[in-house]
Amino acid sequence: MRFMRSARHFNYTIKVLGRGEPWKGGDYMTTPGGGQKVRLLKAGLQEMKEEDKVILFIDSYDVVFASGPKELLKKFQQTRHKVVFSAETLIWPDRHLEDKHPHFREGKRFLGSGGFIGYVPNLKEMVADWTGEDNDSDQLFFTKIYINPEKRKSINITLDNRCRMFQNLHGSLDEVVLKFEDGQVRARNVLYDTLPVVVHGNGPTKLQINYLSNYIPTVWTFETGCSGCLEDLRPLSGLKSEYPLVVIGIFIQQPTPFVSVFFESLLKLEYPKNRLKLFIYNQEQHHEVEVSSFLKDHEKAYQVHLGFLSHTIFGSGFKCDVMNHPLSPFRPIIAPMITREGRLWTNFWGALSADGYYARSEDYVDIVQGRRVGVWNVPYLTKVYLVKASLLHEELSSNDLFSSGTLDLDMAFCHNARNKGVFMYVTNMHTFGRMLSTENYQMSHLHNDLWQIFENPKDWEERYIHENYTKIMRDKLIETPCPDVYWFPLFSDIGCDHIVQEMENFGQWSGGRNTDTRIQGGYENVPTIDIHMTQINYEKEWQKLLLDYIAPITETMYPGYYTKAQFDLAFVVRYKPDEQPFLRPHHDASTFTINIALNQKVLDYQGGGCRFIRYNCSVEAPRKGWALMHPGRLTHYHEGLRTTAGTRYIAVSFVDP
């Protein structure tokens, strides 16, 4: 596909030799072979009678054009030879012939058979004596002609020893860089300061030609971005037949945060549920509740299978909406780029080291950070990828697809795909989701995701912070119900519910007495029935909440005041008519206080609220998830109004600088 795309881009006339014929030329990447190409060329030349016609013969699978036929023909004619072969740094396949190669004052000495150009009569003379087998070495055949002085002179052969026309990558990777200029992308040989027309990823340089062809020719430029990314797409909205059937494999192989959120995201996919099959493999007992809950409510909407699946379609530990976007039928394996928030970790590698592990490609950071947007041919994918089903029945049908020595499953899969010549792509053209951190995931709480504010802050925010929090300043959502009292949205409904449920699950509510061993001095002047954040080991997470979400508002509403969000006390209070219905008038031992309503008046309780006595001003209808912020000492003497029915919960923080 990439070869033909580059050929069309420069208006080359292409004739494919051996189309539809099985390859019998051997695995000449590791052993000599390729004789089938000579046989096909010889047969093809028989039909050509024009003596002044120039023929370019090249491989196609691992070749891309960087410029057009006009430049190529000009450079060929400047050599003043009738046949010009590409040149290589390394000799192949017979090292014993090294001394017989002509010497050049500058440049490469050895012939490369993957690309050559010449006049028809001279090419006919060159292949006239071919009688070999299809799996014989084409390179050795042409090399013996070249090192024979008489034949070399008769046919008038030379090498493109300074890579003006042909760039073979094997043995020359350090010589080649990308050159971006005036909306064009070329491969530049920095050793000879040349711009080759044909770039060939010969031998073991397939990953490098894949990398270069992400850009050449003008696939991606700084001026236009990705010019080929929208080609050959099939918009789902335009399908006249049924949507493609998609199997989603969900693998939960370790304790993973926000599993319930993943299932919620799955339900929101804008894709017909009758065209989705789900395979769910869960080996974590801890997540059985989330899986069972999803199946109970939604199993009938999908075709669901439980157990073990040998072919991964999607992986777990991420959030995504891949199915909402058009698909390309010409990219058999494609992954949505997902990143780890605040890190350069993603689900792809841009390059591999010599031993097959991670190496950072030159463009990796730009791709991850969105400075280069497109669809990228890469050597490794993990966590989540979409696979064309027919691939698993044809090129990748082997039972050991996910096995390769000591490699993990994804590395083995990618290794086997590369060996079969199957391209893998990653796209960052949309924001598809994020990679979750599973490090330090605690399982000792009822709602363990509450503790993820450090490891997965973005996911924590989306789950637990009020949807209107980010609009507070822009849309002026801060209300002032009483003097110097500010009221604003903070927690989502789920955030409130999880905090309340966590406290009730912990269950060790104080007795509401003055004696309190939990605080310094052991005496509470105005006691409440409560549980401290320290009791559930949530004090660090709570301070992070105050620092990230309360401090910015404090510093805006109280100009000149800056806080480090240190708190003496942070706790959840429970008010019940038959337990503690109200709180007597008092000052808070704080610079300022945060009071967050954790449940809904009328629905969960009656009565309640807060009255600021000095101003004779009350907030009697607290909104669930909204925070009251007010000075603590001296000016804002206040009381908790009587709860007459139900149970009221509030989260209180006494904050000092």
Check: For Asp136 and Val38, what are the C-alpha separation, side-chain angles and deciding distance, and is it a side chain to side chain contact (heavy atoms under 4.5 Å, CB included)?
Finding: CA-CA 10 Å; Asp136 286 344; Val38 187; over 6 Å; no
Notebook entry, point to check: Cut-off 3.5 Å, side chains only: do Asn210 and Arg2 have a donor facing an acceptor?
Noted result: yes
Notebook entry, point to check: Just by distance, do the side chain of Lys37 and the backbone of Asp138 share a donor-acceptor pair under 3.5 Å?
Noted result: no
Item checked: Positive for ring-ring contact (aromatic ring centres under 6.0 Å, His included) with Phe85, one of Phe142, Phe76, Phe57, Phe110 -> Phe142
Next item on the list: Can you see which heavy atom on Leu381 is nearest to which on Ala335, and at what distance?
Entry: CD2-CB, 3.7 Å
Check: So do the side chains of Thr205 and Leu173 get within less than 4.5 Å of each other, counting heavy atoms only?
Finding: yes
Check: Any donor-acceptor pair under 3.5 Å linking the side chain of Tyr12 with the backbone of Gly68?
Finding: yes
Next item on the list: Looking only at non-hydrogen atoms, find the nearest pair between Met435 and Asn456 and report the distance.
Entry: O-OD1, 4.4 Å
Item checked: Between CD1 on residue Ile216 and NE2 on residue His9, distance to nearest 0.5 Å -> 11.5 Å
Notebook entry, point to check: Distance from Leu207 atom CG to Ser361 atom OG, nearest 0.5 Å?
Noted result: 11.0 Å
Next item on the list: Could you name each residue pair satisfying disulfide bond (SG atoms under 2.5 Å apart) that touches residues 193-233, not counting sequence neighbours?
Entry: Cys226-Cys229
Next item on the list: Inspect the surroundings of CZ in Arg95 and state if more than 12 heavy atoms from other residues, nucleotides or ligands are less than 6.0 Å away.
Entry: no
Note to self: Within the structure provided, determine whether Phe3 and Val64 are in side-chain contact (heavy-atom separation under 4.5 Å).
What the structure shows: no
Next item on the list: Determine whether Phe166 and Ile117 make a side-chain contact, defined as any pair of heavy atoms from C-beta on separated by less than 4.5 Å.
Entry: yes
Item checked: Heavy-atom check, side chain of Met424 versus side chain of Cys414, under 4.5 Å -> yes
Notebook entry, point to check: For Lys144, does the NZ atom sit with more than 12 other heavy atoms under 6.0 Å from it, leaving out its own atoms?
Noted result: no
Check: Do Thr382 and Asn347 have side-chain atoms, one donor and one acceptor, less than 3.5 Å apart?
Finding: no
Notebook entry, point to check: Are any side-chain N or O atoms of Gln36 and backbone N or O atoms of Lys24, one a donor and one an acceptor, separated by less than 3.5 Å?
Noted result: yes
Next item on the list: Find the distance between NZ (Lys53) and CG (Leu45) and round it off to the nearest 0.5 Å.
Entry: 10.5 Å
Check: Which atoms form the tightest heavy-atom contact between Asn161 and Ala87, and what is the distance?
Finding: CA-CB, 3.8 Å
Notebook entry, point to check: Taking everything shown except Glu21 itself, do over 12 heavy atoms lie less than 6.0 Å from its CD?
Noted result: yes
Margin query: Show the nearest heavy-atom pair for residues Ala187 and Val176, with the distance to one decimal.
Written below: CB-CG1, 4.0 Å
Check: For atom CD of Glu133, is the number of surrounding heavy atoms from other residues, nucleotides or ligands below 6.0 Å larger than 12?
Finding: no
Check: Ignoring hydrogens and geometry, is there a side-chain-to-backbone donor-acceptor pair from Asn416 to Leu401 under 3.5 Å?
Finding: yes
Check: Just checking, any donor-acceptor pair under 3.5 angstrom between side chains of Asn189 and Gln167?
Finding: yes
Item checked: Asn214: partners by side-chain contact (heavy atoms from CB on, under 4.5 Å), with sequence neighbours left out -> Trp376, Asn377
Note to self: Is it true that Arg188 and Thr194 share a donor-acceptor pair across their side chains at a distance under 3.5 Å?
What the structure shows: no
Item checked: Lys179 side-chain N/O to Arg186 backbone N/O, donor-acceptor pair under 3.5 Å -> no
Notebook entry, point to check: Looking at Cys163 and Pro196, what are the two nearest heavy atoms and their distance?
Noted result: O-CB, 3.4 Å
Margin query: Tell me whether the count of non-hydrogen atoms from other residues, nucleotides or ligands lying under 6.0 Å of CG in Asp400 goes above 12.
Written below: yes
Next item on the list: Please round to the nearest 0.5 Å and tell me the distance separating atom NZ of Lys82 and atom CE of Met126.
Entry: 14.5 Å
Note to self: Restricting to non-hydrogen atoms, name the atom on Lys15 and the atom on Glu47 that form the minimum distance, rounded to 0.1 Å.
What the structure shows: NZ-OE1, 3.2 Å
Next item on the list: Evaluate the side-chain proximity of Val375 to Ile334: yes if any heavy-atom separation is below 4.5 Å, no if none is.
Entry: yes
Margin query: Quick one about Glu88 and Asn202 (side-chain donor to acceptor, distance below 3.5 Å, no hydrogens or angles considered), yes or no?
Written below: yes
Next item on the list: Using only heavy-atom distances, determine whether the side chains of Ser172 and Lys108 contain a donor-acceptor pair under 3.5 Å.
Entry: yes
Check: Parallel, tilted or perpendicular: which describes the rings of Trp130 and Phe141, with under 30° parallel and over 60° perpendicular?
Finding: perpendicular
Item checked: Neighbour count above 12 (heavy atom, 6.0 Å) for Gln369 CD -> yes
Check: Per the ring-ring contact (aromatic ring centres under 6.0 Å, His included) rule, which among Tyr358, Tyr380, Tyr364 passes with Phe348?
Finding: Tyr364
Notebook entry, point to check: With no hydrogens and no angle check, is any side-chain donor or acceptor of Trp23 less than 3.5 Å from a backbone partner on Gly26?
Noted result: yes
Notebook entry, point to check: Considering only heavy atoms from C-beta outward, does the side chain of Trp92 approach that of Pro32 to under 4.5 Å?
Noted result: yes
Margin query: When you compare the side chains of Thr221 and Gln184, does any donor N or O come within less than 3.5 Å of an acceptor on the partner?
Written below: no
Item checked: Test item: Gln139 side-chain N/O and Leu111 main-chain N/O as donor-acceptor pair under 3.5 Å -> yes
Next item on the list: Using atom types as modelled and distance alone, determine if a side-chain donor or acceptor of Asn122 lies under 3.5 Å from a backbone N or O of Asn156.
Entry: no
Next item on the list: Just do the side chain to side chain contact (heavy atoms under 4.5 Å, CB included) check on Met165 and Val84 with the steps written out, would you?
Entry: CA-CA 9 Å; Met165 289 178 280; Val84 179; 3.4 Å; yes
Next item on the list: Report yes or no: does Arg434 contribute a side-chain atom to a donor-acceptor pair with the main-chain N or O of Glu341 at less than 3.5 Å?
Entry: no
Next item on the list: Identify whether the distance between the nearest side-chain nitrogen and carboxylate oxygen of Lys388 and Glu395 falls below 4.0 Å.
Entry: no
Check: Within the side chain of Asp363, is there an N or O that forms a donor-acceptor pair under 3.5 Å with the backbone of Asp366?
Finding: no
Check: Taking atom OG1 of Thr346 and atom CD1 of Ile367, what is their separation to the nearest 0.5 Å?
Finding: 9.0 Å
Margin query: Quick check with a 6.0 Å cut-off and a 45 degree axis cone: is Arg152 positioned over the face of Tyr146's six-membered ring?
Written below: yes
Next item on the list: Report yes if some heavy atom in the side chain of Glu125 is under 4.5 Å from a heavy atom in the side chain of Ser154; otherwise report no.
Entry: yes
Item checked: side chain to side chain contact (heavy atoms under 4.5 Å, CB included) between Ile333 and Leu396, worked out -> CA-CA 11 Å; Ile333 303 177; Leu396 301 181; 4.1 Å; yes
Check: Picking from Ile157, Leu159, Asp160, Thr158, what satisfies side-chain contact (heavy atoms from CB on, under 4.5 Å) with His81?
Finding: Thr158
Next item on the list: Evaluate the side chain to side chain contact (heavy atoms under 4.5 Å, CB included) criterion for residues Tyr271 and Leu276: first the C-alpha distance (whole Å), next the side-chain angles of each, then the deciding distance (0.1 Å), finally the verdict.
Entry: CA-CA 8 Å; Tyr271 202 83; Leu276 292 176; 3.6 Å; yes
Next item on the list: Using a 4.5 Å cut-off on heavy atoms from C-beta on, say whether the side chain of Val384 contacts that of Pro336.
Entry: yes
Checklist line | Spacing of Glu223 atom CD and Glu181 atom CD [to the nearest 0.5 Å] | finding: 10.0 Å
